[in-house]
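Shown next, in structure tokens, is the structure this report addresses.
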Amino acid sequence: MANIKGSLPRCVPMCLLQSVLTGKWKILILWYISTYQTQRFGELRRRLGDITQSTLTKQLRELESDGFIQRYIYQEIPPKVEYSLTELGKSFIPILETMKAWSETHLSIPAPPPADPNE
């Protein structure tokens with residue numbers, strides 16, 4: 001096989017995007033926050049289903065650090081925290097919508113299990 005002289009150039013914009021969106025849950029987190037405008041921690045955790053509290057916390061902190069979401073802490077007991085999109089996060093909504101449309105067109109969605117007639 002012929003040797004490739006030099007290395008192939010990297011696509012820096014895509015590498016940067018991948019570094020921001022690395023994580024199993026980040027796209028879904030952004031989707032739910034964009035769909036509902038604001039989300040509380042518990043609401044997000046229930047919507048996402050099989051996610052641990054520590055993983056959700058980590059993913060939210062990373063999205064906040066990257067400038068996609070903002071966190072608002074209410075000064076009350078018990079503490080209440082809401083997450084919403086920043087302007088940067090809002091600029092990502094058309095991409096999320098395109099990804100959803102592509103998925104609906106090209107990926108098969110599993111059918112729900114049949115109802116149990118004994119229930």
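Values in this document were obtained by computation on a predicted structure and should not be read as measured data.
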For [X] and [Y], work out which heavy atoms get closest and say how close.
{"X": "Ser34", "Y": "Ile93", "result": "CB-CG1, 3.8 Å"}
{"X": "Leu16", "Y": "Ser19", "result": "O-OG, 2.7 Å"}
{"X": "Thr38", "Y": "Glu43", "result": "O-OE1, 4.3 Å"}
{"X": "Leu44", "Y": "Gln39", "result": "CG-CB, 3.7 Å"}

Pairwise salt bridge (charged side-chain N to carboxylate O under 4.0 Å, His left out) hits with a residue in residues 54-70, at least two apart: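 Matches after skipping sequence neighbours: Lys26-Glu62, Lys58-Glu62, Glu64-Arg71.
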From [X] atom [atom1] to [Y] atom [atom2], the distance as rounded to the nearest 0.5 Å:
{"X": "Leu30", "Y": "Lys90", "atom1": "CG", "atom2": "NZ", "result": "13.5 Å"}
{"X": "Tyr83", "Y": "Leu63", "atom1": "OH", "atom2": "CG", "result": "10.5 Å"}
{"X": "Phe41", "Y": "Leu60", "atom1": "CZ", "atom2": "CG", "result": "6.5 Å"}
{"X": "Arg47", "Y": "Ile33", "atom1": "CZ", "atom2": "CD1", "result": "10.5 Å"}

Residue from Thr86, Leu85, Leu21 passing side chain to side chain contact (heavy atoms under 4.5 Å, CB included) with Phe92: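 That would be Leu21.
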Linked, directly or transitively: Ile73 and Ile69 (ILVMFWY side chains, under 4.5 Å):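 Ile73 clusters together with Ile69.
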Residues in side-chain contact (heavy atoms from CB on, under 4.5 Å) contact with Ile51, at least two apart in sequence or another chain: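 Per chain and number, Ile51 pairs via side-chain contact (heavy atoms from CB on, under 4.5 Å) with Trp25, Arg45, Leu48, Thr55, Leu56.
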Tyr74 six-ring centre to Arg40 NZ/CZ under 6.0 Å and within 45° of normal: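 Not flagged: Arg40 not positioned over aromatic ring of Tyr74.
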Check: Thr35 side chain, Tyr32 main-chain N or O, donor-acceptor pair, under 3.5 Å: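 Here the side-chain-to-backbone pair does not exist.
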Any donor-acceptor pair under 3.5 Å from Ser103 side chain to Met99 backbone: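 No, Ser103 side chain to Met99 backbone: no donor-acceptor pair under 3.5 Å.
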Steps toward side chain to side chain donor-acceptor pair (under 3.5 Å) verdict (Gln70, Ser84): CA-CA 5 Å; Gln70 58 193 358; Ser84 60; 3.2 Å; yes
Gln18 atom CD, neighbour heavy-atom count above 12 within 6.0 Å: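 Atom CD in Gln18 is not packed in, count stays at 12 or less.
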